[in-house]
Amino acid sequence: MIFRSHPYDSITTKEAIKVQLELRRKTVFPPLGKETRIVTGVDVSIKGGVAKAALVSLTCPQLLIVDTATACRRVSFPYVPGLLAFREIPAILDAVERMKVTTDLLMVDGQGLAHPRRFGLACHLGVILGLPTIGCAKSRLIGEYREPGEEKGSRTPLTDKGETIGTVFRSRTSVKPLFISSGHMIDLESAVNQVLGCLTRYRLPEPTREAHKASKLKMD
DNA sequence: GCGACAG
DNA sequence: ATCTTGTCGC
């Protein structure tokens, strides 16, 4: 397998932070306009120095899978809290090139605005692709919050320095909550509603849940 | 200096 | 994220 080079392959953490401060100026958070017909879940798994990105697209509101695109690439950036995008974006972009459908929204396994510099993986992907994106993380990176009620649908605000940066959302009764935040081209309320519309019987919304499965590196 | 820390 | 089997709880 041959792996093309990518600008982020040789970047330093200092330069990475500079890139985030530069790109974040392009983020916008309007109410989601056009209705969502296709939602795409994004996730990456890494094993033995190789990253496998998966983009699974499903119809709304039926949630039927209409496309699955994956791509593998050697990872060249370490895991640094706050700089996850530089580790996962190269592989994700390779997978994007293999998509056969046009999507209306990306649901990303990671943070959006709920990030120390307000520019998590979801924001970064949204700006680069010019698409609406939602950050749907399984745990907290930054911010304070009160534990939401145990019932599915319960939510509390995730705040930092006095501002609301996301929503802590119980996607299913008695499971750990999700940390939802805007990535790009969508407001927080719309983001939460989009995630809600993609829930079935599991903790994770279908797009992200399917992308997680499709990104798994298996040994056959 | 100490603790926290998406995946 | 990954390393890993059976098992407790809703």
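Chain identifiers are assigned alphabetically (A, B, ...) following the order of the sequence lines, protein sequences preceding nucleic acid strands; residue numbering begins at 1 within each chain.
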Check step by step if side chain to side chain contact (heavy atoms under 4.5 Å, CB included) holds for A:Leu55 and A:Arg98. CA-CA 9 Å; A:Leu55 293 251; A:Arg98 296 178 175 173; over 6 Å; no

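Consecutive Watson-Crick or G-U pairs involving DNA chain B, each under 3.5 Å on both distances, never reach a stem of three or more pairs. Taking a pair as Watson-Crick or G-U wobble with both distances under 3.5 Å, DNA chain C forms no stem of 3 or more consecutive pairs.
For the side-chain contact (heavy atoms from CB on, under 4.5 Å) test with A:Arg170, the passing option among A:Lys176, A:Glu151, A:Glu147 is A:Glu147; the others fail. The salt bridge (charged side-chain N to carboxylate O under 4.0 Å, His left out) test with A:Glu22 singles out one residue from A:Lys26, A:Lys18, A:Arg25, and that residue is A:Arg25.
Heavy-atom contacts of chain A under 4.0 Å fall on DNA chain B between two terminal nucleotides, which in 5' to 3' order are B:dA4 to B:dG7.
Ring geometry for A:Tyr8 against A:His124 counts as perpendicular: the plane angle is over 60°, on a 0 to 90° scale with 30° as the lower cut. Taking the six-membered ring for Trp and thresholds of 30 and 60 degrees, A:Phe86 and A:Phe77 have ring planes inclined between 30 and 60 degrees apart.
If you check every strand for non-hydrogen atoms under 4.0 Å, A:Leu121 touches a base.
Taking each heavy atom of A:Ala71 and A:Ala91 in turn, the nearest pair found is CB-O, 3.8 Å. Between A:Leu32 and A:Ser190, the shortest heavy-atom contact is N-OG, 3.4 Å.
When each of A:Lys138 and A:Arg172 is assigned the nucleotide of DNA chain C bearing its nearest heavy atom, the one mapping closer to the 5' terminus is A:Lys138. Taking for each of A:Thr173 and A:Gly48 the nucleotide of DNA chain C with the nearest heavy atom, the 5'-most of the two is the partner of A:Gly48.
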